Structure formats: C-alpha cells, structure tokens
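To keep things clear, I will list the structure first and then write my remarks on it.
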2 protein chains.
Amino acid sequence: MTSPFSFARFSNVSARKQEILEIAAQLFATKGYRGTSIRDIGNRAGVLGGSLYHHIKSKNALFVELHNAALDAAAERIEQAVAKVHNPAARLEAACVTFVEIQVDVDSLTFPMMSDFREVPDDVRKELIARRDRFENFFRRLVDELALPPEIDRSVYRNALLAQLNSVPNWYRPGRLSAAEIGRQIALIFLPDEAARTRPA
Amino acid sequence: MTSPFSFARFSNVSARKQEILEIAAQLFATKGYRGTSIRDIGNRAGVLGGSLYHHIKSKNALFVELHNAALDAAAERIEQAVAKVHNPAARLEAACVTFVEIQVDVDSLTFPMMSDFREVPDDVRKELIARRDRFENFFRRLVDELALPPEIDRSVYRNALLAQLNSVPNWYRPGRLSAAEIGRQIALIFLPDEAARTRPA
DNA sequence: CCTACCGATCGGTAGG
DNA sequence: CCTACCGATCGGTAGG
C-alpha cells in the first residue's frame, strides 16, 4: 500500500505519477502552496526533489493540474447527488451535504483546493479562477431555482453559500456531528422555509 | 503624507514604527504572510530589510503584534456598534454590518488578518488562535440571545456566521452594493424571521 | 539606518 | 532516478 487514496482520478497517467499527484495533493492541503516545497513532495515519494521533474513540468503546473482535477471531481459528485432530487430546496440541501462530505473527506483530493488563492503566483491564480466557473454556474442555477424573499440579493446569497461551504474545513472538527449533519445545518441556515416546514408547529 | 492610514492604533510606539506597522499590515493583507518578505516591507518604508530590525524583533513577532492590534480594534468597534441596540436580532445585524465595514475598509488594519492561518509557523498560529477567543465569545453571546428554530445547532451557526463574515473580502467587489448592504444581506440570510418581518405581506 | 554578510532554502536543470 | 549544481531569495545579524 503506497497511498491512502484509492480512486482513479487521473486516467492517462502512470501509476507512479498518480502516487506523486496524491502525495502533492495531501501536502498542498495541509501546508498550502508556498508551504509545500518540491523537496517535501520528493521526500514523501522517496526520491529527491529534482527527480520529480521527470513527471511534472513545474510546481505551478502541478498545482493547476491538481486543482482542476479536484474541482471536476467535486462538481461531478455534487451534480450526481443533485440530479436525483427535484424540489429546489431539497436540491440545494443535497448539494450542501455532498459538498461538505467532499470537503471533510481526507481520502478526497478535493478538500484543500478551493482557497488560499493569495498564495499562488498571479498567472496561476488567473487559471484557477477561470476554471471555477463550472462550479459557480452550477450553484447559480441551484440558487435561481429557489423561492427566496424578494429582498434577498441572489448574488450575495450565492457567494455567501459557496464561501460557507468552502470554510467548513477551517472550523470543522470530527466527532460530534457528521459531515452530512453539517451540510444539513448549513442548508437550514440558507433555507429557513425548509426549517419551518420540518419544525413541529 | 507618508501613509494612507490615519488612525492612532499603537499608542506606545514611535511615529516611525507606526508607519512600518501600517505598511506591513497592508502587505500582509495583500500578499499573505509568506508572500510578504522583510525586504518588501523595507522597500515600501524606504529602507533596506535589515534596517527594520531596529524596530521589530522578528517577522513572526511583527505579524502577531499586527494581528492582535487588528483583532482588538475590530472587537472594540463591533462591541460599540452593538451596545446601542437591544433587540437580539438587530444586535446581530449591527455586528454583521460593522464587521463587513471593517473587512472591506482599506484604511482599516483589520481586514486582512483573520484567515490563512496555514501560512504562519506553528507556534505563531497557536498565539493567534488563543487571541481570537475574545471575538468568538462575543459572537457566542450574540448568537445565544437569538430565538432560533430548535433544530439549528448554535455552534455550527456561530462558526458559519464568522466564516461568512471573514470570507467577504474574498468575493466582495466594490460598486453595486455598499459594505453595509452586504452586512445586512448576510444578516437576512442568518435571520430569516427578520426578513419575514420586513417583507411586504 | 547602511554595508556586508551568514546559513538555509527555494524551484529548477544538465548530464548521466 | 541520482549527483551536483545554478541563481535567487529568505530571515536575520555584526559592526559601525
């Protein structure tokens, strides 16, 4: 067993490169972009830093590749979870639950990647932001489906919801509540009518 | 005019050191902790990096000092804004509005400081987290005052609210809505009953 | 506040 | 995948 990860996220890639990508993802998640050196990644992979350049083009390119793979995997999981549901509020709740499950899953590449854009070089940041659009557009549609009080600004609402979901790893500690329960709690905050509906009269 | 900042936040400190602190705060806010070098700060202050060590003890100590001053100033402003109000929901709304105003005010030391704890060394992170307690306890009381649906977990609610407010600088772009309007929108999300109360029947 | 420097670390490369 | 190295940059210091 060379890695705690067990998914096949990178199909056109050698087994060795998959190992390296997974190690790098874990380190970026824990230490951030600047806090993870090429030599750190090499250490965990059992080689010297310079040897990694047979598999990667640059640290920047490695980070972009990981980030895009993580975003795509998360988008796919969330879209699948939502597709089974038809009530707009329940669709948003399903998205929240799945999003939080991904965020707190240590076996998921996805959890690190969304934040700390200030740490990456300017040109890398531009690529990452552009790629986030699939994600944001999907949530834009989810939010537009909802019946909300007219004084709610849907743009603020959507940004707030995404920021909320992204922030979960910053404060969540495993134990008392499951990831699904956290996701449902976030949905309760953003969907008060749902709360009212399930509240004992 | 040596600096765009015009508040006297550090009282027992020479004018020159105040300049340096303000420059450092701006740079940390924009570039993050690791992205800001001692030489960067020196450049903006018109001296070489090494010369700063007459005024500061270390980069770590500088960051901790700034972070604590920013937290205390923000806590004070928010507590003052809330003290004038008595309805629990209105108190929370006042806290949200003031918090967002601080966060997006470029003339405020405060806006940078709350996040990217992963970037700082481990021992620094411990100090910062300890100091955050005043802030969190104040919001704990604000939240405990509220009438909320019984199925809402108040711990998740409080963490979600703080994460929300902290995330504003990550997505807010000046123009369409003012800081106060953003703060009110966030309060609307977290206080659905208030939204209902002000909604035309 | 500068000169002049230290030891460490960084991303990356040539050549095998 | 390693050896051996590059140029750059980092936080920090001694001595004036």
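Predicted model only: the values in this text are computed from it and were never measured. These numbers come from the heavy atoms of this one structure, side chains and all, not from hydrogens, waters or symmetry mates. Within every chain, numbering begins at 1; the chains are lettered A, B, ... in the order of the sequence lines, protein sequences first and strands thereafter.
Aromatic rings of B:Phe135 and B:Phe99 (six-membered ring for Trp) have centroids within the 6.0 Å cut-off, being under it.
Whole-Å rounding puts the A:Ile38 CD1 to C:dA8 P distance at 22 Å. Rounded to whole Å, the distance from CG on B:Leu62 to C1' on D:dG11 is 12 Å. With rounding to whole Å, A:Arg34 atom CZ is found 12 Å from D:dC10 atom C1'. Atom NE2 in B:His55 sits about 17 Å away from atom P in D:dG11, given to the nearest Å. Residue B:His54 contributes atom NE2, which lies 18 Å from atom P of D:dG16 at whole-angstrom precision.
Residue-level contact check: A:Arg16 touches the backbone only, with heavy atoms under 4.0 Å from sugar-phosphate atoms and none from bases. B:Leu48 comes within 4.0 angstrom of a base, heavy atoms only.
Both A:Asp40 and A:Lys57 sit near DNA chain C, but only A:Asp40 has its closest nucleotide nearer the 5' end.
Distances were taken from every side-chain heavy atom of A:Lys59 (C-beta onward) to each of C:dC1, D:dG12, C:dG12; the shortest belongs to C:dG12. For B:Arg39, the side-chain atoms get nearest to D:dG12 when compared with the rest of C:dT13, D:dG12, C:dC1. With C:dC1, C:dG12, D:dC2 as the choices, the nucleotide that has an atom nearest any side-chain atom of B:Ser51 turns out to be C:dC1.
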Audit row: B:Arg16, B:Val47, side chain to side chain contact (heavy atoms under 4.5 Å, CB included) steps and yes/no: CA-CA 12 Å; B:Arg16 181 53 173 152; B:Val47 297; 3.6 Å; yes
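Across the strands present, C:dG16 finds its partner in D:dC1; the criterion is a Watson-Crick or G-U wobble pair with both atom distances under 3.5 angstrom. The partner of C:dG7 is D:dC10, by the rule that a Watson-Crick or G-U pair needs both atom distances under 3.5 Å.
Between B:Tyr53 and D:dG12 there is a side-chain N or O to OP1 or OP2 distance below 4.0 Å. Residue B:Ser37 places no side-chain N or O under 4.0 Å from the OP1 or OP2 atom of D:dT9.
Judged by the 6.0 Å and 45° rule, B:Lys59 forms a cation-pi pair with B:Tyr33.
Of the candidates A:Gln185, A:Arg184, A:Glu181, A:Gln185 is the only one forming a side-chain contact (heavy atoms from CB on, under 4.5 Å) with B:Val156.
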